[in-house]
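In each ligand, atom 1 is the first atom listed, and ligand 1 is the first ligand listed.
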Amino acid sequence: MASESSTLPRPRKRFGQHFLHDAAMIRRIVEAIDAQMDEVLCEIGPGQGALTDRLVETGTTLHLVEIDRDLVPVLRQRYAQHPQVTVHERDVLSVNLGELSSDQPLVMVGNLPYNISSVLLIHLLAQRDHISRMLFMLQKEVAQRLVASPGASQYGRLSVMVGRVYHSRLLFDVGPGAFTPPPKVQSSVVALQPHPEPLGPPVSDAAFETLVRQAFSQRRKTLRNTLKETCSEALIKQAGIDPTARPQTVAPEAYARLVTRLTG
Ligand code: SAM
């Protein structure tokens, strides 16, 4: 898999293309993925194959989802001799993961395009039945939101939405110099492992998302004020939440309890 950089298209900003070139960092990320032979991997945005080359060496079944139609033929050619690799020319936001692997949940990996990472994480939540675990490179600020606890300044809507379903661990940071072109921000690698069950009582994803979106629509206001059109102060109390609390101090399971009070 020799380098063919002279024939590769230029990095595209609109696809968030910052390609990894730091061999030590690539090795570190692939080691953190720790792919097992009996797992099925799905790499989001393989790009020019920086991570993919190393993942292919593990022999694991690998689905590659790449939106850039100029990179797809390069990838197809590069991995033509590896029948365990399938390249999908798709926007990952429109992929139903069940189409890729109906019988085995996928390990989702990738150096994500930062411009869509939050939307993508929410998209993947809805498909969690097809996912066993995830490991992503993200903008550090997004990674910090994923690992933030209630009350922390980084704790927000994404922390609640993802935190109900996954336990996130920040593994290590990656500086801009590891990429071509270098991004303007710091990056971090994060592992997401599903909780045995989503935190709190079982609730519909749609109802949970609606309530959390509403709660965070005015971060500085108390829940009593922000949610006054939706529920009474008494109902908030019944869910075990202080009505004068701000949204960024409330744990995912408490939001789930409030949803059951509203819909029950
Ligand atoms: N994995 C490569 C690496 O580490 O060098 C590339 C990472 S680059 C940050 C993000 C990759 O995601 C690019 O290849 C880009 O074309 C691809 N991408 C961007 N938006 C996408 C989307 N909606 N669906 C699938 N791939 C996408």
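Between Arg90 and Glu99 there is a salt bridge, since at least one side-chain N of the basic residue sits less than 4.0 Å from a carboxylate O of the acidic one. Salt-bridge formation is detected for the pair Arg12/Asp70: a Lys NZ or Arg NE/NH1/NH2 atom is positioned less than 4.0 Å from an Asp or Glu carboxylate oxygen. Note on Glu57 versus Arg54: salt bridge recorded, some NZ/NE/NH1/NH2 to OD/OE distance being below 4.0 Å. We find that Glu31 and Arg27 are not joined by a salt bridge, their nearest charged nitrogen and carboxylate oxygen being 4.0 Å or further apart. Between Arg213 and Glu209 there is a salt bridge, since at least one side-chain N of the basic residue sits less than 4.0 Å from a carboxylate O of the acidic one.
In this model, a donor atom of one side chain and an acceptor atom of the other lie less than 3.5 Å apart for Gln17 and Asp68. For the residue pair Gln214 and Thr230, a side-chain donor N or O sits within less than 3.5 Å of a side-chain acceptor on the partner. At a cut-off of 3.5 Å, with distance as the only test, a side-chain donor of Gln36 or Asp34 sits close to an acceptor on the other residue.
Note: Tyr255 and Phe208 have perpendicular aromatic rings, judged against thresholds of 30 and 60 degrees for the angle between ring planes. Taking the six-membered ring where the residue is Trp, His18 and Phe179 present perpendicular rings, their angle passing 60° and hence far from 30°.
Scanning the protein for heavy atoms near atom 5 (O) of ligand 1, the closest one is Leu20 N, 2.8 Å. Ranking protein heavy atoms by distance to atom 20 (N) of ligand 1, first place goes to Pro113 CG, 3.6 Å. Scanning all protein heavy atoms for the shortest distance to atom 24 (N) of ligand 1 gives Val92 N, 2.9 Å. In terms of protein heavy-atom proximity, atom 12 (O) of ligand 1 is closest to Gly45 CA, 3.2 Å. Shortest contact from atom 10 (C) of ligand 1 to any protein heavy atom: Asn111 O, 3.6 Å. Among all non-hydrogen protein atoms, the one lying nearest atom 26 (N) of ligand 1 is Ile67 N, 3.3 Å. In this structure, atom 19 (C) of ligand 1 lies nearest to the protein heavy atom Phe15 O, 3.1 Å.
Below 4.0 Å from some heavy atom of His18 lie the following atoms of ligand 1, by number and element: 7 (C), 8 (S), 9 (C). Ligand 1 places these atoms under 4.0 Å from at least one heavy atom of Glu43: 1 (N). Ligand-side atoms of ligand 1 in range of Ile116: 23 (N), range being under 4.0 angstrom from any heavy atom. Every atom of ligand 1 with a heavy atom of Leu112 under 4.0 Å away is listed here by number and element: 9 (C). Taking every non-hydrogen atom of Ala50 and a distance limit under 4.0 Å, the qualifying atoms of ligand 1 come out as 5 (O). The contact set between ligand 1 and Val65, taken as ligand atoms under 4.0 Å from a residue heavy atom, comprises 25 (C), 26 (N).
Between Arg90 and ligand 1 there is a heavy-atom distance shorter than 4.0 Å. Judged by the shortest distance from any of its heavy atoms, Gln17 lies inside the 4.0 Å radius around the atoms of ligand 1. Ligand 1 has no atom lying under 4.0 Å from any heavy atom of Leu93. Taking 4.0 Å as the cut-off, Thr52 does not count as a neighbour of ligand 1 on heavy-atom distance. Within the structure, ligand 1 lacks Met137 among the residues with a heavy atom less than 4.0 angstrom away.
Residue Glu66 has at least one nitrogen or oxygen atom sitting less than 3.5 Å from a nitrogen or oxygen atom of ligand 1, judged on distance alone. At least one N or O atom of Asp91 sits closer than 3.5 Å to an N or O atom of ligand 1.
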**Request:** For the pair Val190 and Met134, evaluate side-chain contact (heavy atoms from CB on, under 4.5 Å) and give the outcome as yes or no after the intermediate values.
**Result:** CA-CA 8 Å; Val190 179; Met134 309 197 269; over 6 Å; no

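Note that the CD atom of Gln193 and the CZ atom of Arg133 stand 7.0 Å from one another [nearest 0.5 Å].
Atom 2 (C) of ligand 1 has its nearest heavy-atom neighbour, among Gly49, Gly16, Pro46, in Pro46.
The main-chain N or O of Pro243 is never found under 3.5 Å from a side-chain atom of Arg224 such that the two would form a donor-acceptor pair.
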